[in-house]
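Here's the structure we're looking at; comments come further down.
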Number of protein chains: 2
Amino acid sequence: MASIKDVAAEAGVSVATVSRVLNGHPSVSTDARTRVQAAVDALGYRPNAVARSLRTDQTRALGLVISDVLNPYFTELARSVEEEARALGYSVVIGNADERPDLQDHHVRTLLDRRIDGLLVSPTDGGSPLMLDAARAGTPMVFVDRWIPGVDVPVVRSDGRAAVRDLVAHLHGLGHRRLAIIAGPAATTTGRERVEAFREALAAYGLDLPDAYIGQGDFQVDSGRRVTEGFLDLPEPPQVVFAADNLMALGALDAVRARGLRVPEDVGLAAFDDIRWFVHTDPPITAIAQPTGDLGRAAVRALVDRIEGRPGESVTLPARLVVRRSCGEPAPA
Amino acid sequence: MASIKDVAAEAGVSVATVSRVLNGHPSVSTDARTRVQAAVDALGYRPNAVARSLRTDQTRALGLVISDVLNPYFTELARSVEEEARALGYSVVIGNADERPDLQDHHVRTLLDRRIDGLLVSPTDGGSPLMLDAARAGTPMVFVDRWIPGVDVPVVRSDGRAAVRDLVAHLHGLGHRRLAIIAGPAATTTGRERVEAFREALAAYGLDLPDAYIGQGDFQVDSGRRVTEGFLDLPEPPQVVFAADNLMALGALDAVRARGLRVPEDVGLAAFDDIRWFVHTDPPITAIAQPTGDLGRAAVRALVDRIEGRPGESVTLPARLVVRRSCGEPAPA
DNA sequence: TGAGCCCGTGGAATCGATTACACGGAGGAT
DNA sequence: ATCCTCCGTGTAATCGATTCCACGGGCTCA
């Protein structure tokens, strides 16, 4: 592969001049400029980004450590992140943590080794020393969706409190009183928050959230299935199950179906995170929709701000309730 | 960030010795080795992958240019690719082409600039000069799922012919005779092949595939919707619509639903690519399942073989039919 | 005791870019 | 005519690693 020296030789100038042309530096004669351009075209020369990065100490690459690529919410997030990053002249290197702290650490380490300019993370846990150290050492970093308390890093996320209140109001209006939740891992903020928001909303209606109605899931399909089976085995099973993410909702659907029960006649189902398939499931699933695209774009902007020396602000966007049929007939529109 | 010089100074040895310790070179004294280790730990030193890559001319990174990240088939593929790559000591840099040749080219160019060791592509078109040149210039490359004829690059894909025959047999057995297909872009191999396989399978039953029953889609939801509307407007609409990918099937479902029609009573629906949501759609959708994980792993192995100087073989794996209820009641099990 | 080897080590070149610094020549001001 | 300034250019240092080569010392063996 041709290097800058080859171009210089071909154009009959020094490598410095070639570099200046490539970087649009003003002080190059028109003559030299055209000769270099010609040489570049003739050789099909492309600058070696590795060498450039070594010299300039910037890679123009962002790391994105995502909790789970198989979760449509995160793939949508990844897509908007890449889009915005591309618009700003950055590439994105994605690492999939599969909700496993060890994998998350592996990716953070690899990305740091590759000297990405900044890191976007939705932490699967409370934060390993590695990540905390990186944040403290000044690696530009932004948390998306989930975050770690007590770390000085901007957070871009969605606040589901109001939407959860709307959901509970909706359920209460349909006459449901025994409401259960499949929670996410307590080590994640979203795992905890959604339970709290649910509990508070229930309290507003004088309803209780007994321990038996809090199932511990891990944001994966199987846990949704397992927890739902537990709910159904209860002497007094809940009337509605609220899954804290879309994959656990899928597991819940599996479990209900496996018992020969029907949604919503026998059990209602609602989910956090709306995905396009929920329109066509049997029945269509009532869900809380996050402004995923906006989240991804805001996160990239905050990160790039940090990288380029600007403040880089936290952003919180509201989520909203999308009522479908999985909890009973909706009120006539 | 600490460099190898800092480690050398801290340990009281030369950078050469530090490098040897880091790379497990045998000829280093135990004494020097422990001193270097201590210095590494004390400084929290991590080798700069950029510098290493420049010197060794390898990045231990693979590029994966995927047709569409929002398509669950491809995200599953991406996941298995990353998994296998990680097991072999490589990272994966993903580029999302969104079925757009210009975006595909952008990513190929960026990845090449970053000097990834090899490229995994599922081409969205017949191949830009850029990609063809790269292949000819000897960049290790492997095509996954889709490929470009006439280029000397291993292909890892799934053969759906047998499964399509099974599908047609199934449909014929249910009494359906007017069968239509939503095709993918003619510029892609999968876009063309699936139509051909369908046509041949129909022919075996003495059935014809009239032009009116071939809708031109682009593997995206909207096109599935649009084509299906066209089918439903026909004086004699098809009894079953076969979508060449899962997203177009979703669009088809939208279109049918919007007309107030039911699947399978009014129109049957089948899809290429099976995804977990198909179990819970209304009705569950009959689909052709590819061994996606195996495909991803085989592709990585083939690519790494090429990179490391071994042959790197093409692989073709069979797909299989998964019968559900979207084309009518299945035969009793 | 001297020749030859092997082992552990360090010096320095190298990868491909960017950029500070120096230098020669042209042109303007005095 | 002399001096100063600017412009376009090249030389060389630099980024952080890897690795070839040379060197000194201890060993074995004759």
Side-chain angles (χ1 to χ4, degrees), chain A residues 1-40 43-61 89 109-117 137, chain B residues 1-40 43-61 89 91 109-117:
Chain A
M1 190 152 273
S3 86
I4 196 171
K5 281 189 202 154
D6 303 315
V7 177
E10 173 85 11
V13 296
S14 73
V15 295
T17 300
V18 176
S19 176
R20 289 194 189 96
V21 172
L22 261 27
N23 293 289
H25 190 95
S27 107
V28 178
S29 67
T30 319
D31 176 54
R33 194 175 298 277
T34 54
R35 294 223 310 286
V36 169
Q37 288 293 8
V40 165
L43 297 173
Y45 168 77
R46 296 247 82 213
N48 183 328
V50 174
R52 189 199 297 256
S53 293
L54 177 60
R55 183 59 235 248
T56 60
D57 202 33
Q58 56 161 332
T59 49
R60 294 204 75 84
R109 198 186 318 274
T110 312
L111 292 168
L112 256 21
D113 285 354
R114 291 185 188 277
R115 299 299 192 267
I116 42 111
D117 292 341
Chain B
M1 190 152 273
S3 86
I4 196 171
K5 280 188 201 155
D6 303 315
V7 176
E10 173 85 11
V13 296
S14 74
V15 295
T17 300
V18 176
S19 176
R20 286 200 253 294
V21 172
L22 261 28
N23 294 289
H25 190 94
S27 109
V28 178
S29 67
T30 318
D31 176 53
R33 192 176 301 276
T34 54
R35 293 224 309 286
V36 169
Q37 288 293 8
V40 165
L43 297 173
Y45 168 75
R46 296 246 82 212
N48 183 328
V50 173
R52 189 199 297 255
S53 292
L54 177 60
R55 183 60 238 248
T56 60
D57 202 32
Q58 53 160 337
T59 49
R60 296 205 74 83
S91 303
R109 197 185 319 275
T110 311
L111 292 168
L112 255 22
D113 284 355
R114 291 186 189 275
R115 301 298 194 266
I116 44 109
D117 292 341

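Proteins get letters first, then strands, A, B, ... in listed order; numbering begins at 1 in each. These numbers come from the heavy atoms of this one structure, side chains and all, not from hydrogens, waters or symmetry mates.
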query = Hey, is the main chain of B:T30 close enough, under 3.5 Å, to the side chain of B:T34 for a donor-acceptor pair?
reply = yes
message = Output the rounded distance in Å from CZ (A:R35) to C1' (D:dG8).
response = 12 Å
task = Scan A:N23, A:V36, A:V28 and name whichever one has a side-chain contact (heavy atoms from CB on, under 4.5 Å) with A:V18.
result = A:V36
task = Would you kindly give the CZ-to-P distance between B:R114 and C:dA17, to the nearest whole Å?
result = 15 Å
query = Which whole-number value in Å describes the distance from A:D57 CG to D:dA17 P?
reply = 12 Å
key: N or O in side chain of B:S19 less than 4.0 angstrom from D:dA17 OP1/OP2   = no
ask   = In whole angstrom, what separates A:N23's CG from C:dA17's C1'?
value = 9 Å
query = Quick one: do the B:S91 and A:R114 side chains pair a donor with an acceptor below 3.5 Å?
reply = yes
request  = Indicate for each nucleotide in nucleotides 7-15 of chain C, in 5' to 3' sequence, whether protein heavy atoms under 4.0 Å reach the base (B), only the sugar-phosphate (S), or nothing (-).
outcome  = -BBBB-BBB
key: d(CG, B:N48; C1', D:dG16) in whole Å   = 6 Å
ask   = Can you pull the salt bridge (Lys or Arg N to Asp or Glu O under 4.0 Å) pairs that have at least one residue in residues 52-61 of chain A, sequence neighbours excluded?
value = none
ask   = Can you tell me how far P of D:dG16 sits from CG of B:L43, to the nearest Å?
value = 14 Å
key: Side-chain touch A:R46/A:M1, heavy atoms, less than 4.5 angstrom   = no
query = A:Q58 CD to C:dA17 P: how many Å, rounded?
reply = 16 Å
ask   = Hey, does A:N48 have a side-chain heavy atom less than 4.5 Å from the side chain of A:S3?
value = no
Separation of D:dG16 C1' from A:D113 CG (nearest whole Å) = 13 Å
